[in-house]
Each structure stands twice: as structure tokens, then as C-alpha cells.
Amino acid sequence: MKSHPGLWISFIILILQLVCAIKVPQDPTIERDLYQPPTITKESEKNYIVDPRDNINIECEATGNPFPTFTWTRNGKFYNVAKDPKVSFRRRSGTLVIDIYGGGRPEDYEGEYQCFARNRHGTALSNKIVLQVSRSPLWPKENLDPVVVNEGASLILQCNPPPSLPPPVIFWMSSSMEPIAQNRRVSQGLNGDLYFSNVLREDAHTDYSCNARSHFTHTIQQKNAYTLKVLTTRGVPERIPTFLLPMGTSSTKLVLRDEDLLLECIASGVPTPEIMWYKKGGELPNQKLKFENFNKTLRISRVSEEDSGEYFCQASNRMGSIRHTITVRVKAAPFWLDKPKDLILAPGENGRLVCRANGNPKPTIQWMMNGEPILATEPNPNFEVAGDTIIFREVQSGNSAVFQCNASNAHGYLLANAFINILDVPSRVLGPRNQLIRVIEYNRTQLDCPFFGSPIPTLRWFKNGQGSNLDGGNYRVHENGTLEISVVRKEDQGKYTCVATNILGNAENTVRLEVKEPTRIIKGPEDQIAKRGTTVRLDCRVRSDPTLRLMVTWMKDDTQLHIGSRMSKEGDALTIFGVAERDQGAYTCVARTELDQDFAKAYLTIQESSTSPTSPLTSEQRDKPDPPMDLELTDLAERSVRLTWTPGDDNNSPITGFIIQFEENRYQPGTWHNLASVPGNVNSALLRLSPYVNYQFRVLALNDLGSSMPSPSSERYQTNGSPPEVNPGDIRGAGTRKDNMEITWTALNSTQAYGPNLRYIVKWRQRHTGEPWSNVTVWTNKHVVWNTPVYTPYEIRVQAENEFGRAPEPGTVIGYSGEDYPKAAPTDIKLRVMNSTAISLQWTRVAPASVQGSLVEYRAYYWRENSLLRGIWVSRKKLQQSFIGDRVRGIVSFLIPYSNYKIYMVAVNGRGDGPKSDIKEFTTPEGVPSQPKNFRFYDPNRELIILEWSPPEHPNGNLTGYSLRYQAFNGSRFARPVVEILSPNQTKYTLTRTDPISRYRFTLSARTQVGAGEVVTADTPLKQDEVPPTSVPPTSPVPVTDAPTEIPTVPPTTPSATTTVLTTTITARPTTTTVLTTTATESLATTVASILEIAPEHWDIKISPNSHWANITWVYNVQMGSEVMVEYIDSNNMSRILPVRGHAPTSIQLSDLVPGMTYRVRVYSQEHHSVTSPFVTFETNSAYTKNQVDIATQGWFIGLMCAVALLVLILLIVCFIKRSRGGKYPVREKKEVALGPDDQKDEDGSFDYSDEDNKPLQGSQTSIDGTIKQQESDDSLVDYGEGGEGQFNEDGSFIGQYTVKKDKDETEGNESSEATSPVNAIYSLA
């Protein structure tokens, strides 16, 4: 059959003319007022099996407006429900209720049912519901002869349950209701029979009973029991396996897509055979594979076409093996590719319904309208059936209907309803009216304005009932009507109006926006160290918006703090009386309003009060803990090991936790990774390990001041390898050229490789083609497929493999080959001038096949051709407006009024722009002018003020005149304003003062036929007797803003002239500063000027750190954009980034810092990455040394040390005086030297000292030349100082007594200290 080329051309043209459908919002008022064809919402399943004991409910629920009526067919014929008293409808429903309790016989109602839901706009159909009644017939009575079998032979005990619906659950039991034990030798097959691979002597029983349990009643029917007799022999011969099920060497199996495939092989033999499964030409799908019944059953869940092929089971024992081949064919009932969706259009619009399904064999598509085949209905000029698509063109109000798509093949069918609803609805604005939205300054907010209409209305936003449409810059209008303000400022406060417009009418709603000041804690609590029993005060001063209700609460250790009897809250500050150890912790002040909150945290440390009188100067020094020691590995296992360590000193700050790190020397030697963390009260951990990693461990201790140095490394521990357990992630397929597809993924890391020679098996094939997989093995994380068709979907799989095996079967990811430039341009472009600065566009989308990629946007290029005013030079620079997504309408804003424009459109995909559309021309009408230029004035005397100005830079039309408004004021008192309408040619005005004292405020604007334009405002200067306003401090940065900014000038300090300050309000552009000055004595003209100054980049960053936080402030003179980023990096190179609104106060608090840590911080622009400050380094304070004082610098300590030194000096002087008076006293040690005959020994064991200074002692050391070798100390008072009782004679000589037996400690002390001591000298004087 030949296809007519003209039909295909018309078909393509119709596809190009399609527009997007209207979506009805989920709003009760809309759904109640709009008519809608029926929609089936609930129905019974296709194969409906019911319990014969209960009432039967055949479900059919539907919605529509008006509410539909319901009818049924049974076995293809109209079913009159009213004639059967046992059948009724459920209230406001199409569900049939069959009364079985009232005596109905369920078997009488079996059949095929179908429900029809109708209203005047169409008819919807349910699926065909086949109703069947559950049956569980009794087992026939039969006498079973005993089964006699030789030992070692195979046996099958058949069950053969009677047919029932649904099939029963089969199980084998004994007469005592004990289940028959099953194993590799004895097992139950899928058909319910009991199979013996070989019979043993112990199998002889008389009660093998097959049981069947029904699905609904759960009753159990029992077959008569088998009696099994086993004939024993002297020896059981071994034999090669044979198959009991299935029979023969090959068989076939048919299974439907998404069902479970069950393959069964049961073999006999002695010894019992083992069953193994294989697939020819490939591997078993491990991801959805399961072995059951002792490996005799293979289950594959949710089979797909790729699971078809030849499977074989192998039964083997030591006598041999056999194999059975099962050929699996996978067919498919129809399944959806594109299910038709409801379509809502406006009169005159185009659309389409698509019904695409697939299956095996390929299903046929049949269309119906309101339940009747379309071929049998009358031809309709408004739609055309083209295979699986119905094309609608220029629909009218009477074309509403419900279409049915039926996709069927030999294995089943699919039925879908989709209505087309033609609506003609004026614009409506939904949602609450006159909403009040309150938002915190510098935040982002959204003003909602849901709307609806058919045709789809155009929505615009206005502020305070005037001005142009709000879109662009700080404003963004979403397609759903929401106005988003990215950064809310004070000047954004006001009344916003959204207006929805279509050809049938307008609708509007108002939203009032209030901008509130942010809640800020201007003085928060500080870290404190207090002694037990003292009083502590934690400050918290808050500034918030006065119109918001402020609530300040306190938290301790992140839980709500109960203010008890020992605490009081004075204002917002917290006072704790008589602090104790339980009061130690982190205190947080939380300031909260209904819109925002702020918090500040401080740590309170409680110390014991000093009780030792001898050490009032000492205090505990807190520091980071010492590193752990003595790492030991125990409980060595394949995938785990226990690590034990000894904690180091906590340095007076309790250890809160340990971090365990590991290093491996194969992939990243020398790099440590965190493995686990444990609490501070444990010193061992069971570590989970990965295969094929050579581990080495270390431990770090943590306390409130930071982390310790790493511990010494443990010994290495090598784990064995295994196949990978995970596949690579983040798999993507995308083209880099139009003829390739680059497949990339995230490679496995060192702890996921699980073995050497890690590689990846990459598979790909075109989607929905059924072609075989292409594959390649690579060792990197990328593979490029060449010679691919343009932008074609591919199925991709990436599987990891090492020397030990492969990872589990990977999932499938969809990727696309490379894109090419679009081949077609948007057509049927219609534009409408909305106002002097905006137009609306509508176009017909390009055909999907011509996009040649993923459609990114439609883009309009436009430029200003000329101005309608003579002598105006215009720039023909080409501008663009993007319309993201598959849209068919949009708005181009920010046009210049009173100008001629040209515009064309292109379709854009990931590769770039497509061909240009036809160029359209349009003209923007007149608009309001910009503000007059060079507005200035001077007062030649006290009676006159002369005003001068120049025409506006952008008149935006023909000027019709100027509006001058002036008002006298004196302080806070204002006179009645006066308005003068001046001619368009007038640029000068003279005003006669009413009095010489009052000042004047002037407001000037130009006018066109549209209205008044932007205004410029100025005040006359201050007189000498008035106080000038406070000037801006030189260090205060002036924020760069697009909003009107009021900037006071700084008066010079020249003594010879009286200087006044003039304040003006203008719209300042970025990096524009307006400075206004005047000098009264010189009567110079005051000029309103905009000075563009590009200053050298300057930063002034100031940091005030504490132990856990730091305040950062900065001053800059560069344009930062709408968002500023603050980045800070600690000494471990951990980076954090915090966003700050570009026009917010230039300060931020960095919280949760580590005490004693060094940080680097910088400030940069999110929009302009080249605008960045240099890094500034600071260090946080130690958490517990803040209030400690160095005692070496204290006055009382210095005085005490001086007193001690003076006392030592006095003792030395006394010692030397005594030495000169008493002479030297050679001493003979009683303990070491025996007494000579000349020694005078007392009765009590003491001895006298001689006055002969030069007489050597017995036992003393004598040098070679006969002189006595002097000891380290010439005098021996130091030795007497520790002796027994001593006294002086009248001549001043000392008579001492040595005690022969001394304490061991005293002896060691004397031996280690022989030098003269001032303390011993005191003892000698006593």
C-alpha cells in the first residue's frame, strides 16, 4: 500500500501547530464551576475472584461535572440492575452490590462486567471485569494401595488435588499433623507431588498425607494417606542421576514480561545428586535470582526480554552427571509507553492525544469515543486519527468528549480513558484576597497569585498601583503567577497587585508586603570561668523590629533551661546565684519572633574554690589531650578487627571521644581517612573492614579544647580479597559530539575495590530496539561510543570486576548520544504590545524530531531599529530573552518606549541555536519620561530662588510639559504644596519667597501624553541659624544599591565660610555616589551630579575572636553583587562557606569554632569571582584560660620573693659570723672510723672534740705528700645539724653526740647534701 505524500505533509504541519494544554488547578471553586467529562477513579481488578460467603461488590467510581450516571453491561449486553432485587447501586456511586446474605446464589452472577459513566460531556469506560466465584471442591474418596519400593530406588507420591479457584496451597504432613521433613533427597515439587531421589529404610511410614488449604476459607482438606513399605537389601547399589522432573533432555517454558520465571529440575540417583543451574551464552541475572527447594527450583523475579534464552540444569553425583535444557521464551502483554492524558483546550486551539504501547507480539491500537469505535462515528472536521495519535485542530465548544484507547495482543489488553475538555473561561485569580505578607529585611520572599483562565491569561505585577510591569532585576515572575523578590529591602514595602488578562476579561488581586527589621543579638553572653558558690551573669541584649513580639529564652547544653530558684532573668540577661558543678555547660540565648530568630552561645566553667593555704597561686591549666598509646589489634577476622588503646592524659579537660583513622599503602599511601568514632569512656572498638586492604590504624583523642596529636601507628593488617560488592555510581551517558556518547562513572575507591586489577565492564544498547548488548572492559572511569545516531536513548550498565570475580548485576541507566543543532524554528509567531516597555509573544513549538536533542529553551533576539523622535541616536545592539522549557508564550520586558523594534526567535538545545524564524517588526508606544537633567537652583538674594534644568535624557515620547511642585517648610512644619504646570520648552523658573527664613522643597518631573515621569527632588540649603544634620562617618561604608538612596554630605570645616548640607533623593546606579554641597557666603549654584568613580580596590577586615566564635566585619569600595560569601579555613584545611546578603550589614558571626585553632578568612562576591579580599589569619582563644592571670607579674608575688631573698641573706651572714667565732672543728665520723687510744670516749658513747685544728682525724684521706685531703666542706656543722641533742660549753665549743643508728632516709639525705645550708646553720645556733 502506497502512502500519499500530501497526507504526510499535512500531518507534519498539524504537529507543528500544536500548543500546550491548559491545566486546571486543584481549587474547589474552579472544579465546582467548570464542567468536566467523566473520569473513572476506581474499579475492580480484571480477574475478580470473590468469596462465595460474602456480599459481592463490583467497584466503579467516577468524577465529573455534572456528576455522571452509571450503567453496566454483562457478557456484552445491557444489564438492567432494576430488575434484580438482589442487586443495587451504592449511594452516589456506580459500584454494584450483590446481596448474598439475603439469599442470592453467587454462581448465578459469574460473567464479564463493564461499567459506563456518562454525563452530557462524554462517557468513560471501565475495564472488562471477569467475575468468578472461589471454589474448593472436596477430595474424592479413594482407597490407596500400599506403595512398595526397593531401598535406593526413586519414588513419586502424587497429590493431584481437585481443581479449585484460586489454586490451593499444597503441603505434606503425617497423621500427627507433623510436616514431612524435606531436604536434598526428599522434596515437594511445584505441582504438589512428593519426590524421593532415593528411598531409605527410615522412609517407611503409613501416614504420608497430602493437604490442600483454600485461599478464602483457609480450610484444609486432606487426601487419604499413603503407606510406604521399603524392601531392604544387603547393599544399595550406586547409580548415575536421572531426571524425575522434567522428563527427557529438553523442554520449553513460556513466561510473560514482569512475571516470575520458575524453572524446576528434580533428579534421582544414589548418592543424592546435586543440582546446578547455568545459562547458555551468558550469566545468570544475580540481582533478581533466587534458588529455592534445595537448589532444585530457579526463580527469576520480574523477567524481561533479555532473560529469554536456553537454561540448563545439571544433576551430578560421583557416578556421573546429566543435563536438561529448558528454552525460555519471554512474551509480553501490552504495557504503556505513553498513556493518553486528559487534554483541556480553549476554543480555536490545537492539541493531540497520544497512545503508545508495546508488547510481544506488538499490540494493536483501537480508538473509541464515548465508548463507541471512532470508525463507526460520523466524521468530525475537528480531529483526525493518525495511528496511535488523535490530532485536534481549531476545536470548538461542542467538541468535549471522552476517548478510549485499547491496546491488545494475544496475552492481554490495556484500556485508558482520556477526555478533551473545551473551556471558555474568563481570567480568574485564585487564593485568598488581600493577603498580608510579612518578611524580614534582606530575605527572599514570594508573593503568590494563582490564576486560571481559558485561553491561558497573561499575568502582570504592579507595585502601589502604578509603574510598569515588575519583572527582572530583583523581581522574577514564575509561570504559576508567583512574584519572587530575591532580596527584600525597606523600600520594597507596599501594596502589590497582580492582574490576569485574557480575551474574555481581567481579574486582579492585591498582596500587602511589610518589611521588618531582623532580630539581632547585639551583645551576647561571653565565656566565663567562675568559682563555685559565686554569682554569674550572662548578658543578652537584643534588637528587633518593634512591631513584632519578641521572646527571649535560654538553653543549657541545647535543651530548654528551667529558671529555678537559684536563677533569675533580669530583662534578657540570666543571673545564676551560688553556681555549682552542675551549672557548668554551654548556655545559649535565643531571641525569637514569629518571623526569625537569632542566638548566641557561651561556655560557663565552674572551678573548685582554693582550700590549700600554701598554694593560692596555682590553678588547673586546661589543654588538648595527649595522644593515645599502646595500640593493639585483637580478634582478627576476615572483615573485622578489634583495636584497643590506652588513653593519654586529658590535661584537666575530660576526653569526650576518640577518632579512629586508617591508612592503606596500595592506592593512597600516606593518606589517613576517618574510619570510626567512639565515646570518650571506651578504649576499644570493633572495626568493620573491607577486603583486600592493607590497613594501618591510629587514634586521636578529643576534648572541649580540640583534638590531640595522632597516636603512634598500629601494626599493619592485611584483609583477603573478594569480588566487589558494589558497582560504580553516578553513571552518565551524554554526547560530546553529535556522533558519540561518552559514558562516565565514579570509580570505586580503595576500600571498595576488594581485589587487584580492578576494571569495569561497560555495556550499552539502543533503548526499545531489543538489539544485543555491546560491551567493553576498561580500567578508567570513562568510555566513548562512536558512530551513534543523533540524540538517541541508550541503556547503559557498568559492572565492577577484579581478580576474584564480578560485582552483582548492575542496574540500567538511560543515557543519550550527542545533540545536533535544531533543524526548525518556531512558527506562527504572534506578538502583542502590552505597554510601552513590554510585549507578549506566542508561537508554535517545533516538532520534537527537529529538536535533535533536549530542548533547553526558546530564545527571542531583538534590537532597537530607531526612535520615533527625531535626532535620537539609538544602539542597534542585539539583546535576547530566554523562555526556559517547552513553552509557547512569554513576555519581553525592559523595552524603550516610542521606538521601532525587530525580533526573531530560535529553538535552543544543548548544542546551541537552531535556524532563525521570520523577523517580526513592532513599535512601542509612548511612555513616561526619565527625570530632568541638571536640576539646579540659586538664590541671588533673600527674595528670589531661580530654578534651571535640562530636558530628560530619555523623553520616551513627545514632551507635553513639566510638573513643578514646591513646598515651604521650617523645621518639621510644612506649608501647603503648590503645583505649577510648565510648557515643554521652559527650562527655567523664578520663585519669589514668602519669607526669608523658610526653606523650600522642590520636586520636578517631565510629562508626556502617558503621564508624569521620574521625579528629581531637592531642598534649599540650611541657613546659619539651623542645625545641620549629622554627617556620615568616614568609616561607614555606603551600600551600593539600585534603589533611591538618600545621601547627606559631609560639611567642610573651613572657618571663613558658613557651610550647609543639602540632602537629595535620586536613583543611584551601582558605583555612583551623589554629593551635594553649597556655601552660603559665595552663593554658588547647587548642582545635582552623578559622579562615576572607579576607586582602587580597598578592604578593611576586622576580626574579634573568642574561644568558640568570632565576629567578622569588613568595609569595601567595590561592587559585590547581591550575595557575598565568607570563607574560613581551619589549620586542618577544612573549609566552610557562609552566604551574606550583599546589601545586609557587612558583618557576620562565625560560630562553633574550635578553641585554640588558627583560621584564615576571606570575603568574596558570589557573582563576581574576581572580587575577593586577601586571606586574613586569626586564632581563637583557649576555652579555659581566658581569665587566668600570670602571677609572676603580680605585686604581692614580687614582694614575697624579695622577703624570702632578704631572709636567706641574713641567715648567710649569721653563718659566717658563727664560723669566725668558733673556728674549725675537724670531725671524725663515729660510724665509719674506729676510735684510737688517745680518744676520750664518754660513757654514753659520745666523744669530745679537740681544739687542735691541724691534727688529722683517724681514717681521713691523706695525699701522697703527707697532707690531709680536704673534704668538700671545711666545717662540719652541716653534719651536726641532723645529729642527736647538742650543746655548747662555757668556752663556746660545741659538744655533740652522734647517734650510731640512723634512719635510712635521714642517712640518704645527709649523703646527698653535704654543702653548708642556712637551715643547718640555724640548727647549729639553737
Chemist: Going by ring pair (Phe, Tyr, Trp, His ring centres under 6.0 Å), name the residues that satisfy it together with Y278, two or more places apart in sequence or in a different chain.
Modeler: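 Expected list: F312.
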Chemist: If the condition is side-chain contact (heavy atoms from CB on, under 4.5 Å), which residues does I322 pass it with, not counting sequence neighbours?
Modeler: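 Only P241, F243, A315 meet the side-chain contact (heavy atoms from CB on, under 4.5 Å) criterion with I322.
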Chemist: Inspect the contact between K288 and D307 and indicate whether a charged nitrogen and a carboxylate oxygen are less than 4.0 angstrom apart.
Modeler: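 Salt bridge: yes.
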Chemist: Should the heavy atoms of other residues, nucleotides or ligands under 6.0 Å from CE of M709 be counted, would the total exceed 12?
Modeler: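 Counting neighbours around CE of M709, 12 or fewer heavy atoms of other residues, nucleotides or ligands fall under 6.0 Å, so no.
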Chemist: Just to verify, which of I659, T644, L643 counts as forming a side-chain contact (heavy atoms from CB on, under 4.5 Å) with V699?
Modeler: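 For V699, the side-chain contact (heavy atoms from CB on, under 4.5 Å) check succeeds only for L643.
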Chemist: Could you work out, with side-chain contact (heavy atoms from CB on, under 4.5 Å) as the rule, every residue matching P808, not counting sequence neighbours?
Modeler: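 Result, side-chain contact (heavy atoms from CB on, under 4.5 Å) vs P808: none returned.
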Chemist: Of T1180, N1106, D1130, which meets side-chain contact (heavy atoms from CB on, under 4.5 Å) against L1153?
Modeler: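 Considering T1180, N1106, D1130, a side-chain contact (heavy atoms from CB on, under 4.5 Å) with L1153 is found only for T1180.
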Chemist: Given T812, which partner from the list E306, K763, R797 fulfils the side-chain hydrogen bond (donor to acceptor under 3.5 Å, both in side chains) test?
Modeler: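 Result: among E306, K763, R797, R797 is the only option passing the side-chain hydrogen bond (donor to acceptor under 3.5 Å, both in side chains) with T812.
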Chemist: Which label fits F1178 and Y1159: parallel for a plane angle under 30°, tilted from 30 to 60°, or perpendicular past 60°?
Modeler: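 If you compare the ring of F1178 with that of Y1159, the planes turn out parallel.
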Chemist: Could you tell me whether the side chain of E771 and the main chain of Q766 form a donor-acceptor pair under 3.5 Å?
Modeler: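 Yes, because the side chain of E771 sits within donor-acceptor range (under 3.5 Å) of the backbone of Q766.
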Chemist: Within 45 degrees of the ring normal and closer than 6.0 Å to the centroid, is that where the cationic atom of R639 sits relative to Y754?
Modeler: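 The answer is yes; both the distance and angle limits are met.
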Chemist: Ignoring hydrogens and geometry, is there a side-chain-to-backbone donor-acceptor pair from N1111 to S1104 under 3.5 Å?
Modeler: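 Not at all, since once roles are kept as given, no pair shorter than 3.5 Å links the two residues.
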Chemist: Taking side chain as C-beta onward, heavy atoms only, is Y794 less than 4.5 Å from I743?
Modeler: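 Y794 does not reach I743 side chain to side chain.
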Chemist: Table please: side-chain donor-acceptor pairs of residues 672-683 below 3.5 Å, with sequence neighbours left out.
Modeler:
from : atom 1 : to   : atom 2 : distance (Å)
H673 : NE2    : Q668 : OE1    : 3.3
N674 : OD1    : Q661 : NE2    : 2.9
N683 : ND2    : W645 : O      : 3.2

Chemist: Any donor-acceptor pair under 3.5 Å linking the side chain of Q287 with the backbone of E809?
Modeler: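 Answer holds: yes.
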Chemist: With H324, which residues qualify under side-chain hydrogen bond (donor to acceptor under 3.5 Å, both in side chains), at least two apart?
Modeler: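 S251.
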Chemist: Taking the basic N atoms (NZ, or NE/NH1/NH2) and the acidic carboxylate oxygens, is any pair closer than 4.0 Å for R716 and E664?
Modeler: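 No, R716 and E664 are not salt-bridged.
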Chemist: Could you give all pairs that pass the side chain to side chain donor-acceptor pair (under 3.5 Å) test and reach residues 777-791, with sequence neighbours left out?
Modeler: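 Only N757-W779 qualify under side chain to side chain donor-acceptor pair (under 3.5 Å).
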